Amino acid sequence: MRLLDTTTHKLKLFHGDVPPYAILSHRWRENEVTFQDLQAGDASQLEAYDKIARTCSIAAAAGLQYTWIDTCCINKTDSVELSEAINSMYRWYEESTVCYAYLGDITWDDSFSVARDIDTSDNLKFGYHLNLAVSFCGAEWFTRGWTLQELIAPSVVIFLDQGWIEIGTKLSMCDMVSSITGIPKAILSGADVDSASIAQRMSWVSRWRTTKVEDTAYCLMGLFGVNMPLLYGEGGNAFFRLQEEILKVSTDYSIFCHSFDLLFGGTENGRSKFLAASPVDFEHSARIVPNHPEGIGCMPVRIDSQGFHLQVRLATRESLKGGVSIRNAILPCQLEALEDSTIGDREEKGLLSVVIPLVAATDLGQVGVFRLFNGSSAAAAGDIDEAKFRSMVICVQHSRGRVKRRHLLPRLAAGGHTTLIKMVLNKGVGPPIRRLACHDALPEAAATHSVDAVEVFLEMGCDDRRLLHESSRDALKRVLNERYWSEPGDLEKTVTLLVQKGLFQTNRVPDLVNIVLGMSPFAFSEHGDGDRRVASLLNALDKEERRRFCLEYLGDPRVAPEWAASERVPPALVPLWRSPNGRLTMRLNRTRMVMNELRVLDGLPPLPEPKKLESTGSVLSRRRDKDGN
């Protein structure tokens with residue numbers, strides 16, 4: 001391990017016993033100082049050298065003679081050294097005396113401290129924490145895949161702003177860091193990372209990104225205590241290899257509990273892999289934990305050319321059309337109960353079993369060999385009595401196969417290349433591929449605000465009306481949830497095209513109700529333009545359809561009946577209505593707009609605008625003026 005002397009700024013190689021050292025965690029920028037720059041002796045002339053000098057100065061002030069910085073302490077031109085460094089990275093951070101997390105895009109504002117100190121009222125306390133959270137959580141450091149292990153592994157993490165001023169520590173800001181990252185406070189406070197299940201650890205990673213696809217797997221080796229060779233160029237197969245390495249040292253079956261959007265009301269994602277394709281598949285798996293008796297592990301998973309051999313309980317479900325019999329493989333995992341759970345007694349106790357639907361692979365002619373049913377992964381089975389089904393070893397097929405490349409049409413749609421799209425549709429793809437490609441390309445064109453491309457796909461892309469309806473529905477979801485639309489006219493044209501040319505007329509009102517109910521809360525916040533988006537959707541319908549939409553929306557169980565029944569806001573909901581933040585307020589804004597549309601159709605005046613409370617910033621300003629500060 002090479003360390004940088006904090007006084008001489010010279011590198012020194014250590015074998016065996018390593019002296020105490022500080023370590024830097026940061027976002028890489030262009031023209032960072034490299035190992036070769038330090039060896040050449042002219043690194044101090046480089047602009048990026050300030051980062052090294054500042055790190056050494058702070059570490060020396062803390063009494064540390066050495067520091068480690070990844071940009072210059074690794075010779076990245078040596079593939080052997082690079083592989084050794086990446087495999088040792090977690091341990092190096094774990095063994096450091098202190099880790100300095102440099103948030104180069106955050107400037108610490110003294111007014112945060114002023115807001116905290118001048119008044120202890122709840123409003124100003126909330127304002128201080130809100131301002132701090134908005135500034136802190138916006139740091140790019142919280143999006144980089146490699147910094148996840150750099151946050152968890154060290155005992156001491158000190159956050160520094162752009163001017164190298166201390167913001168706080170991992171311990172002092174534990175609540176805020178936990179809310180930003182999804183990592184439990186116990187882990188951030190020093191609990192053993194192995195106390196979290198594999199699914200839980202993977203769910204933390206789902207929020208972080210890496211520049212290279214392979215690094216998504218390589219940056220997680222230390223978090224799961226495994227090592228493997230680096231093969232840049234293998235793409236997504238790196239994450240499959242990582243999971244296989246984890247299964248060699250763990251009997252935690254929660255690794256199979258991915259794609260949990262099914263469990264929480266999402267839609268089928270069509271994946272057919274028994275292992276997850278990326279950490280994003282674990283986005284909704286933060287509550288999955290093993291449920292076998294303490295101290296008694298499951299049978300280790302064995303992997304061979306047939307697939308994965310694992311021990312489960314099998315339950316049979318009714319046969320579907322075509323005589324397909326589905327077997328629910330009940331995994332030794334469960335949903336961890338929420339502290340404030342009110343969903344139901346069974347979930348409050350954490351007793352929801354986790355199952356994977358399988359069908360027998362009869363083409364192999366072997367009993368006990370299965371494949372995933374319809375590409376789905378994990379789901380919940382709250383009513384299955386596990387004791388009724390005996391435990392047995394089964395084999396589930398899985399093949400990595402070739403990594404499927406994104407089709408040309410979605411790529412062209414993302415760039416708005418209308419002329420090229422027409423050429424490819426006319427000369428480059430046959431009907432089957434055309435249908436499948438357009439299924440992905442139409443939402444892409446809509447999300448990138450390419451009105452002309454949307455029109456081309458609707459007219460030329462697909463002769464299958466059912467598929468066109470599904471593609472248009474997906475495209476509308478993307479359009480209505482996009483954060484920003486630069487041209488209002490493009491939004492209205494895109495929505496009108498998708499509604500009138502893409503959706504079945506008989507089915508479109510119920511679908512549109514579900515789409516609007518599923519819109520992002522951001523669209524209805526003070527920074528969003530949800531009203532304009534919903535208005536553009538309603539304008540694409542005729543008068544009768546608009547009335548049906550309003551009635552179906554207001555009658556939906558997800559919308560409180562009293563909101564629709566009253567011409568004014570119910571007294572009990574006034575605080576929520578006036579609150580400037582919160583999902584309920586955004587839902588109320590959405591409902592109020594639909595109520596107004598129905599009133600206009602009935603010839604009634606719209607509801608009056610609700611009053612809003614003063615923001616925390618206004619209260620703070622008035623307090624400062626009053627005090628003369």
Side-chain angles (χ1 to χ4, degrees), residues 1-106 108 141 144 146-171 218-219 221-222 230:
M1 180 184 190
R2 284 194 193 88
L3 292 176
L4 187 66
D5 191 299
T6 57
T7 304
T8 65
H9 296 189
K10 301 292 184 181
L11 290 170
K12 186 174 181 179
L13 185 63
F14 291 89
H15 298 282
D17 290 338
V18 178
Y21 59 92
I23 201 164
L24 179 67
S25 174
H26 64 113
R27 285 280 287 129
W28 278 47
R29 302 299 179 192
E30 291 184 3
N31 304 318
E32 293 281 3
V33 175
T34 65
F35 170 79
Q36 285 73 24
D37 293 329
L38 281 183
Q39 293 293 88
D42 57 357
S44 59
Q45 307 302 317
L46 301 176
E47 183 180 350
Y49 189 76
D50 181 65
K51 184 185 289 186
I52 291 176
R54 292 289 196 116
T55 304
C56 288
S57 174
I58 292 174
L64 292 163
Q65 185 179 352
Y66 295 100
T67 187
W68 187 89
I69 305 173
D70 54 358
T71 55
C72 61
C73 291
I74 306 172
N75 181 8
K76 296 175 186 63
T77 61
D78 185 338
S79 59
V80 175
E81 182 175 333
L82 178 62
S83 179
E84 179 185 356
I86 290 179
N87 275 276
S88 306
M89 195 81 71
Y90 189 91
R91 177 170 56 84
W92 288 350
Y93 275 90
E94 190 174 35
E95 293 177 353
S96 67
T97 302
V98 59
C99 173
Y100 295 110
Y102 176 59
L103 312 185
D105 53 345
I106 296 298
W108 188 244
W141 190 87
R144 175 177 169 253
W146 288 100
T147 52
L148 176 65
Q149 65 176 3
E150 296 163 13
L151 171 65
I152 294 175
S155 299
V156 179
V157 177
I158 298 176
F159 295 106
L160 306 172
D161 79 341
Q162 189 178 63
W164 298 86
I165 298 172
E166 181 177 332
I167 299 173
T169 68
K170 177 171 69 170
L171 189 61
Y218 301 157
C219 72
M221 292 190 291
L230 310 186

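Keep in mind it's a predicted model, so treat the numbers as computed, not measured. What you see below is based on every heavy atom in this structure, not just the backbone, and it leaves out hydrogens, waters and symmetry mates.
Between C219 and L148, every side-chain heavy-atom pair lies at or beyond the 4.5 Å cut-off. When side chains are defined from C-beta on, I23 does not count as touching Y100, because their heavy atoms never get closer than 4.5 Å. At least one side-chain heavy atom of R2 sits under 4.5 Å from a side-chain heavy atom of E81. Taking the side chain as every heavy atom from C-beta outward, I86 and M221 approach each other to under 4.5 Å.
A donor-acceptor pair under 3.5 Å is formed between the side chain of K170 and the backbone N or O of L151. Here the side chain of Q162 pairs a donor or acceptor atom with the backbone of G104 at under 3.5 angstrom.
For W141, the ring pair (Phe, Tyr, Trp, His ring centres under 6.0 Å) test picks out F159, with sequence neighbours left out. For V156, the side-chain contact (heavy atoms from CB on, under 4.5 Å) partners two or more places apart in sequence, or in a different chain, are V98, I158. For Y90, the ring pair (Phe, Tyr, Trp, His ring centres under 6.0 Å) criterion is met by no residue, not counting sequence neighbours. Every residue meeting the side chain to side chain donor-acceptor pair (under 3.5 Å) condition with T169, not counting sequence neighbours, appears here in chain and number order: S172. Not a single side chain to side chain donor-acceptor pair (under 3.5 Å) links R27 to another residue, sequence neighbours left out. Legend: residues meeting side-chain contact (heavy atoms from CB on, under 4.5 Å) with T97, ordered by chain and number and at least two apart, are P20, L64. Annotation: side-chain contact (heavy atoms from CB on, under 4.5 Å) contacts of D5 (sequence neighbours excluded): T7, T8, Q65, Y66. For Y49, the side chain to side chain donor-acceptor pair (under 3.5 Å) partners two or more places apart in sequence, or in a different chain, are H9. Not counting sequence neighbours, the partners of E84 by the side-chain contact (heavy atoms from CB on, under 4.5 Å) test are S88. For N87, the side chain to side chain donor-acceptor pair (under 3.5 Å) partners two or more places apart in sequence, or in a different chain, are N227.
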Legend entry - Verdict with supporting geometry, D70 and W146, side-chain hydrogen bond (donor to acceptor under 3.5 Å, both in side chains): CA-CA 11 Å; D70 54 358; W146 288 100; over 6 Å; no
- Under the side chain to side chain contact (heavy atoms under 4.5 Å, CB included) criterion, do I167 and L160 qualify, and how do the steps go? CA-CA 6 Å; I167 299 173; L160 306 172; over 6 Å; no
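Rounding to the nearest 0.5 angstrom, the gap separating the OG atom in S155 from the CD atom in E94 is 7.5 Å. Atom CG of L230 and atom OG of S79 lie 9.0 Å apart (nearest 0.5 Å). Going from atom CZ of F35 over to atom SG of C73 covers 9.5 Å, rounded to the nearest 0.5 Å. Atom CG of L11 sits about 6.0 Å away from atom SG of C72, to the nearest 0.5 Å. A distance of 13.0 Å separates OH of Y21 from CG of L24, quoted to the nearest 0.5 Å. The CG atom of L46 sits 9.0 Å away from atom CG of L38, with the distance rounded to the nearest 0.5 Å.
Residue pairs meeting the salt bridge (Lys or Arg N to Asp or Glu O under 4.0 Å) criterion with at least one partner in residues 6-24, sequence neighbours excluded, are absent. Applying the salt bridge (Lys or Arg N to Asp or Glu O under 4.0 Å) test to every pair with at least one member in residues 43-58, sequence neighbours left out, gives these pairs: E32-K51, D50-R54.
Of all the heavy atoms in T6 and A59, the pair that sits closest is CG2-CB, 3.9 Å. For the pair D161 and I106, the tightest heavy-atom approach, listed with the atom from each and the gap, is CB-O, 3.2 Å. Considering all non-hydrogen atoms of both residues, I52 and L4 come closest at CG2-CD2, 3.5 Å. Summarising the geometry of T147 relative to H26, their closest heavy-atom pair is CG2-O, 4.3 Å, with the distance given to 0.1 Å. Smallest separation of non-hydrogen atoms from P154 and Q149: CD-O, 3.8 Å. Counting all heavy atoms, side chain and backbone alike, T67 lies closest to T55 at OG1-CG2, 3.7 Å.
In this model, a donor atom of one side chain and an acceptor atom of the other lie less than 3.5 Å apart for Q36 and N75.
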